[in-house]
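Written below as structure tokens is the structure these notes are about.
Index from 1, following the sequence.
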Amino acid sequence: MFPDNIIEKSNTENTTENIGCDFLFDYDTGQHITKNAVLVECTTIQGVQQFIQNVLRTQANMYGVYVKGETETFGISIYDYLGKRTLPLGYLNSELKREVTEQLLKHPLIESVADWKGTREKRGLHISFTVTLIDGTEIKESDFYVQGNAV
């Protein structure tokens, strides 16, 4: 009934062509980067880096666009715990590590998250880690600062 040449790609084939395209975003200015009034496309590495930034910057269940019709949440809920001095640093660090790792492994090009370090500061947490892609490329995400509203 269906042509033989239409074959779905399996989930084990993680190529850049099936994850779509991303456009460069400057988190400092809150604007997409343009060149001659045209949005600049990300390279594969830049797209993964932006995904990492989005995971770290998004509080879970904060925005309806991420939860409407979805069974899993996007973002991290550690923001709910920051500012509560009753919680030990070890708990916050392990919970943050678990949540970030779970979220990052949802990206089809990310294979593992390692070298996790977290230190508590007066008003938040400094974290750093290394992400390994399926092609062996390593991305070091260093000194990302997670700050809570209630700290």
Identify each donor-acceptor pair in which a side-chain atom of residues 26-33 lies under 3.5 Å from a protein atom, sequence neighbours left out, and give them as a table.
{"residue": "Asp26", "atom": "OD1", "partner": "Asp28", "partner atom": "N", "Å": "3.0"}
{"residue": "Tyr27", "atom": "OH", "partner": "Gln50", "partner atom": "O", "Å": "3.2"}
{"residue": "Tyr27", "atom": "OH", "partner": "Asn54", "partner atom": "OD1", "Å": "2.7"}
{"residue": "Thr29", "atom": "OG1", "partner": "Gln31", "partner atom": "N", "Å": "3.4"}

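- Listed here is the closest heavy atom pair of Gly47 and Cys42: N-CB, 3.7 Å.
- Put simply, Leu39 and Phe25 are part of two different groups of oily side chains (I, L, V, M, F, W, Y) that touch within less than 4.5 Å, one to the next.
- Under the 4.5 Å side-chain heavy-atom criterion for grouping Ile, Leu, Val, Met, Phe, Trp and Tyr, Val40 is not connected to Val48 through any hydrophobic cluster.
- With sequence neighbours left out, the side chain to side chain donor-acceptor pair (under 3.5 Å) criterion links Thr130 to Asp115.
- With sequence neighbours excluded, no residue forms a side chain to side chain donor-acceptor pair (under 3.5 Å) with Ser94.
- For Thr132, the side chain to side chain contact (heavy atoms under 4.5 Å, CB included) partners two or more places apart in sequence, or in a different chain, are Ser112, Glu138.
- Annotation: salt bridge (charged side-chain N to carboxylate O under 4.0 Å, His left out) contacts of Glu111 (sequence neighbours excluded): none.
- No single ILVMFWY cluster, assembled from side-chain heavy atoms under 4.5 Å apart, contains both Leu24 and Ile52.
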Side-chain donor-acceptor pairs under 3.5 Å in residues 102-110, sequence neighbours left out?
{"residue": "Glu102", "atom": "OE1", "partner": "Arg98", "partner atom": "NH1", "Å": "3.1"}
{"residue": "Glu102", "atom": "OE2", "partner": "Arg98", "partner atom": "NH1", "Å": "3.0"}
{"residue": "Gln103", "atom": "NE2", "partner": "Thr73", "partner atom": "O", "Å": "3.2"}
{"residue": "Lys106", "atom": "NZ", "partner": "Glu72", "partner atom": "OE1", "Å": "2.9"}
{"residue": "Lys106", "atom": "NZ", "partner": "Thr73", "partner atom": "O", "Å": "3.2"}
{"residue": "His107", "atom": "ND1", "partner": "Leu109", "partner atom": "N", "Å": "3.1"}

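- Residues Gln46 and Asp22 form no side-chain contact, since every pair of their non-hydrogen atoms from C-beta on lies 4.5 Å or further apart.
- With a 4.5 Å cut-off on side-chain heavy atoms, Phe23 and Glu41 count as touching.
- Two residues are said to be in side-chain contact when any heavy atoms from C-beta on lie closer than 4.5 Å; Ile139 and Phe129 fail this criterion.
- Other residues sharing a hydrophobic cluster with Val38 under the 4.5 Å side-chain heavy-atom criterion for ILVMFWY residues do not exist; the residue is a singleton.
- Residues satisfying the side chain to side chain contact (heavy atoms under 4.5 Å, CB included) criterion with Asp135, sequence neighbours excluded, are Leu133, Thr137.
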